[in-house]
Structures are given as C-alpha cells and as structure tokens.
Amino acid sequence: MVSMSNWTGRLREISLGVDDPITAAAYYAELLDGYQAGSDVKLGDHTQISLRKGPKGLSSVGIDLLSEAAARLQTNVDSYTADADGNRLQIHACEDIEELSIPTRPTLGHLTLQSPDPLSQQYFYEQAGFELSEALGDFFRWLRCNPVHHALAFSRGSKAGLHHIGIELPDRAALIAACDRLAELGQPIEYGPGRHRVGGNLFVYFVDRHGFRFEFFCELDRIEASTFVAPVHGADDRQQTVNIWGPLPPDSFRQVS
Ligand SMILES: [Fe+2]
C-alpha cells in the first residue's frame, strides 16, 4: 500500500513546438497509440502531449504538485515558472495527487532533459518535493515525485535540451506490439530493445520525423520503502548502467532537441 506522503506530484503534460500542430497531433496519436483532440494527444492516466505552433523543441512541461510544494515555487498569474535551466513549467497546485498503478495504455511517464548543471536542477526540483532516486556521478540525476522511479531525469550536456520523452506501456507484450506498430508505420528504432540498470525498465528509443526522441518502456521500478537510499553510481559505471544486455547507444543518441 502506497502512503499518501509518497504522492507529492506527477507529470501531466508536455508541450512541443511544431510547424503544424493539428497535423502533428494526428501523427503522434497514431505513432503513440493515443487519441487526437485538436492539437493535443490524449494518453493514459489523463496525461497528454500538446502540440503548439512555434520553434521546434520543448515548449513547456505541466506538473501537478501538492499545494504546499507548489507554493515553494514562485509562479506568475498563469502558474508558469522556469526551472534552473530556464525550461518553462506550468505548475498545477492540487489538494491531493491521483495515485496511479501500472498504466493500462500508453502514458506520458517521464522526461529526460540535457542540462549544463544537473545538480542545480536537482536542487530546484527538490524544493518542489521531488526526491533523488538514483545518480551517476555528477553526470546524471533521476528524480521522482511519487513511487515511480523517475518523472524527470537530467543528464549533463553543453546546453539545455530535450533528450527524450518516456511513454510507459503496460507490459512487455505491449512493448513488442508497439515495436511492430512502429515497423508498420515505417518508423525505425534508434536504440534497443534493451534493459536499463537504472530503473530496471525495458526500453526502445526512436527519433520521429520532427526530430523528437521517444522511449517506449515498461517494468520501471516503483520505490515505496521509507528507508530507501538513492544509489549513487560512479561516473565510470556509465556504460554498465545504460544497458545490462550489452549493446551501447549509437552516436546519434547524444543529440537533443
Ligand atoms: Fe527514459
């Protein structure tokens, strides 16, 4: 049984800048097996991807937070603020956070962002009640705001950017079915399938026609023990942590959008 105190927030939405939001929403609804609603793609557990006309890239991130945590972030009248890298956040202050189990259909699960300073991002999000789940030297930070191993992750890079959007699937059968759907749509896989050591999840990555990278994943760890202490791996463990099955990412995997 998960205690209420473990649920201080959840990732709700990501907005992406594209040239033609309606056309892009139709494309992503098919690619991700979601439902189009105008320029939004509805995914499981009331999560969504919103397409907005604008420069290609991350437009904003929507996060639900308990009111007491939201109050620690200074937001403007529209509830927008910016994190330590200037990523635009829309904070939804809530009296309680809907507790979720394993999703029954594709669901927005996490974002991995490149950051010039992952530690500053960690400190920023800790103000909002996030907790460290795992670390790799000072190179990578994985943060959770509920028992799901991570909702946000930050990898060190020269500039801030979006590395990938994680879509959680119910189970490994759904992951294989998703790979078959990608093949039918002519969408090649960039990396995977494999299994991450950090978080324990099965993964498949692909870069879509707009240049955004997605991860389909399942079997991600849940952290419920109050005595949990975040493992901190040495920076030299990077290659061993990325894929316990062996193959390393291609060079293209360093690119961000
Ligand atoms: Fe991921």
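Counting convention: from 1, in listed order, for ligands and their atoms alike. Source: prediction; values computed, not measured.
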TODO: Please say whether the positively charged group of Arg213, taken as NZ for Lys or CZ for Arg, lies over the ring of Tyr205, i.e. under 6.0 angstrom from the six-membered ring centre and within 45 degrees of the axis.
DONE: no

Task: Sequence-distant partners of His110, ring-ring contact (aromatic ring centres under 6.0 Å, His included), two or more places apart - done: His150, His164, Phe217

Open item on the list: Holding to ring-ring contact (aromatic ring centres under 6.0 Å, His included), I want the full list of residues that pass it with Phe212, two or more places apart in sequence or in another chain.
Closed with: none

TODO: Sorted by first residue and then second, give each ring pair (Phe, Tyr, Trp, His ring centres under 6.0 Å) pair with at least one member in residues 165-191; sequence neighbours left out.
DONE: Tyr191-Phe203, Tyr191-Phe253

- [ ] State whether Arg52 and Asp40 are salt-bridged, where the test is any N-O pair (Lys NZ or Arg NE/NH1/NH2 against Asp/Glu carboxylate O) under 4.0 Å.
- [x] yes

Open item on the list: Ring centroids only, cut at 6.0 angstrom: are His210 and Tyr27 within range, meaning strictly under it?
Closed with: yes

TODO: Show all protein N/O/S atoms under 2.8 Å from the Fe ion (ligand 1), or state that there are none.
DONE: His110 NE2, His164 NE2, Glu215 OE1

